[in-house]
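Written below as structure tokens is the structure these notes are about.
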Amino acid sequence: MHTSVLRAQYEWEPLEPGLKLAVTLRHLATGSTYADLMYAFRVARNSISLFVPKVCEAIYLAYKDEVMPDEITTEDWMRIASDFERIWNLPHACGALDGKHIRIRKPPNSGSLFFNYKHFFSTVMMALVDADYKFIWLSVGSYGSASDSQIFRDSELRPMLEDGTLDLPPPSPLPNGETDIPYFLIGDDAFPLRSWMMKPYSRKRLDHDERIFNYRLSRARRIVENAFGILAMRFQILIGTMQQLPETVDLIVLSCTTLHNLLRIRKRADLQLFADEEDNNHNLIEGQWRQGAQLTDGDPGYQRNFGNAAGIDQRNYLKNYFNSEAGAVDWQENMI
């Protein structure tokens, strides 16, 4: 009898799912350590370390089909491109691509794999963002030592762009145009210049028309910088140095991006508190996300501005289009 009473006294009741969720959300939103959470919620630290990865995975699996589906149809790409044209005056754009570093503690026996060009340990998240600040494709867990160009080269995204299995819409004329132009993503100098990837001219001495092209492209590309900035502002765990193993870090990043998209869909008005805006003359009004700590840019590597003939021809066509009556916007001359 005495033994059974002692056993009953020391048996732990399972933690409520709601409590696990509350602890995890506090961890993601504030970056509070497991030790701080232990005292705030009266839950053992080792228990927190066990259930946080599981809750993060559950968040991702529960909402990914709604907010970040694996398959994007041609009709979906058409809607994304329509948004880029309507909001950012950039027709045929289907997303802006960039990479950011997530600080981590050096994993055991990892050598210099996670040591990046900024001299800290990290993993890299690379993301494609639509015109509405939502993440539509995501790669997580790349070594911090890898450049954006390497990560993109080895990703599932590049071969799908090259062989057409990403299901981008077929080429069609730009507004007021006659020539069929492929749909494309927007990148920076880390990415190859192709008909499916447009990026700015990078020469030091640009002529007038090239500067207009760069303005029009970079204006739309701000969307990915805003998305990363808002993500980090909402989920402070991404700003500090994560103490978890890389596998758990990946689950945390996936859950944060999933929640970011969910908030964008269900609480759209809140975004105006954070994102960049433009005044009536299209001058930039910086969003609140720029006032806080920000994620570190990915290493561009040595890809530079190399391009093939199709990419060069398409960029030149877009340059001429943006400087023509058919494709110019009223305010662009004041922005260069």
Side-chain angles (χ1 to χ4, degrees), residues 13-34 37-38 40-41 43-73 75-77 79-80 95 100 102 104 123-142 155-157 166-167 224 226-240 242-271 273-274 295:
E13 293 185 2
L15 296 173
E16 293 291 334
L19 177 59
K20 294 181 181 179
L21 179 61
V23 172
T24 302
L25 291 178
R26 175 76 68 85
H27 182 52
L28 301 182
T30 67
S32 296
T33 66
Y34 289 167
L37 294 169
M38 177 178 66
F41 289 91
V43 177
R45 180 175 176 175
N46 63 328
S47 297
I48 295 173
S49 68
L50 292 174
F51 70 66
V52 162
K54 295 178 181 178
V55 174
C56 287
E57 183 177 20
I59 290 171
Y60 171 66
L61 293 176
Y63 292 107
K64 75 179 186 70
D65 289 340
E66 175 185 350
V67 304
M68 196 164 33
D70 292 331
E71 184 175 345
I72 304 177
T73 66
E75 291 72 23
D76 293 330
W77 290 119
R79 283 192 291 270
I80 293 170
K100 297 289 184 181
I102 306 296
I104 63 170
T123 63
V124 181
M125 61 178 295
M126 181 170 286
L128 185 66
V129 175
D130 69 12
D132 197 36
Y133 305 92
K134 295 192 296 291
F135 295 94
I136 54 177
W137 175 84
L138 189 66
S139 169
V140 299
S142 297
S155 73
E156 63 179 2
L157 187 61
L166 195 61
D167 292 330
V224 68
N226 272 256
F228 277 123
I230 295 165
L231 178 74
M233 188 173 186
R234 280 176 163 160
F235 301 103
Q236 296 286 302
I237 183 65
L238 302 175
I239 297 300
M242 293 198 209
Q243 301 301 306
Q244 296 94 334
L245 293 173
E247 295 79 10
T248 300
V249 172
D250 293 347
L251 291 173
I252 288 173
V253 173
L254 287 171
S255 63
C256 289
T257 51
T258 299
L259 291 170
H260 167 94
N261 281 6
L262 188 68
L263 289 168
R264 182 60 186 139
I265 294 169
R266 298 190 181 183
K267 296 181 72 66
R268 296 178 61 85
D270 289 356
L271 182 72
L273 300 174
F274 307 123
L295 297 171

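Keep in mind that the numbers below use all heavy atoms, side chains included, and drop hydrogens, waters and symmetry copies.
H260 approaches Y133 most closely through the heavy-atom pair NE2-O, 2.8 Å. For the residue pair L295 and A232, the shortest heavy atom distance occurs at CG-CB, 4.1 Å. Nearest heavy atom pair, residue L50 against residue P53, reads O-CD, 3.6 Å. Across all non-hydrogen atoms, the minimal contact from D250 to G141 is OD1-CA, 3.2 Å. Shortest non-hydrogen contact noted between I80 and G95 is CG2-N, 4.5 Å. The shortest non-hydrogen separation linking A127 to F228 is CB-CZ, 3.8 Å.
The distance from the OG atom of S49 to the CG atom of L245 is 10.0 Å, given to the nearest 0.5 Å. Between R45 atom CZ and T33 atom OG1 the span is 6.5 Å, to the nearest 0.5 Å. Of the inter-residue distances, the one linking I252 atom CD1 with M242 atom CE reads 5.0 Å to the nearest 0.5 angstrom. Between the CG atom in D130 and the CZ atom in F135 there is a gap of 10.0 Å [rounded to 0.5 Å]. A distance of 8.0 Å separates CD1 in I239 from CD1 in I102, rounded to the nearest 0.5 Å. The line from OG1 of T30 to CG of L25 is 10.0 Å long, rounded to the nearest 0.5 Å.
Between F41 and Y34, the ring centre distance reaches or exceeds 6.0 Å.
Not a single donor-acceptor pair under 3.5 Å links the side chain of R26 to the backbone N or O of L37. No donor-acceptor distance shorter than 3.5 angstrom exists from the side chain of D132 to the backbone of K134, with no hydrogens or angles considered.
Here D167 pairs with nothing under the salt bridge (charged side-chain N to carboxylate O under 4.0 Å, His left out) rule; sequence neighbours left out.
Contact annotation: the side chain of I237 approaches that of C256 to within less than 4.5 Å [non-hydrogen atoms, C-beta and beyond]. The shortest distance between side-chain heavy atoms of L166 and W77 falls below 4.5 Å.
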Check the pair V140 / T123 against side chain to side chain contact (heavy atoms under 4.5 Å, CB included), numbers first and verdict last.
-> CA-CA 8 Å; V140 299; T123 63; over 6 Å; no

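For the side-chain contact (heavy atoms from CB on, under 4.5 Å) with V23, the qualifying choice from I48, L15, L28 is I48, the only one to do so. For the side-chain contact (heavy atoms from CB on, under 4.5 Å) with M125, the lone residue among V249, L231, L254 that qualifies is L231.
Judged purely by distance below 3.5 Å, without hydrogens or angles, the side chains of T73 and D76 pair a donor atom with an acceptor atom.
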Can you list, pair by pair, the side-chain donor-acceptor contacts under 3.5 Å of residues 55-70, counting residues two or more places apart and other chains?
| unit_1 | atom_1 | unit_2 | atom_2 | d |
| --- | --- | --- | --- | --- |
| K64 | NZ | D70 | OD2 | 3.1 |
| E66 | OE1 | R266 | NH2 | 3.2 |
| E66 | OE2 | R266 | NH2 | 3.3 |

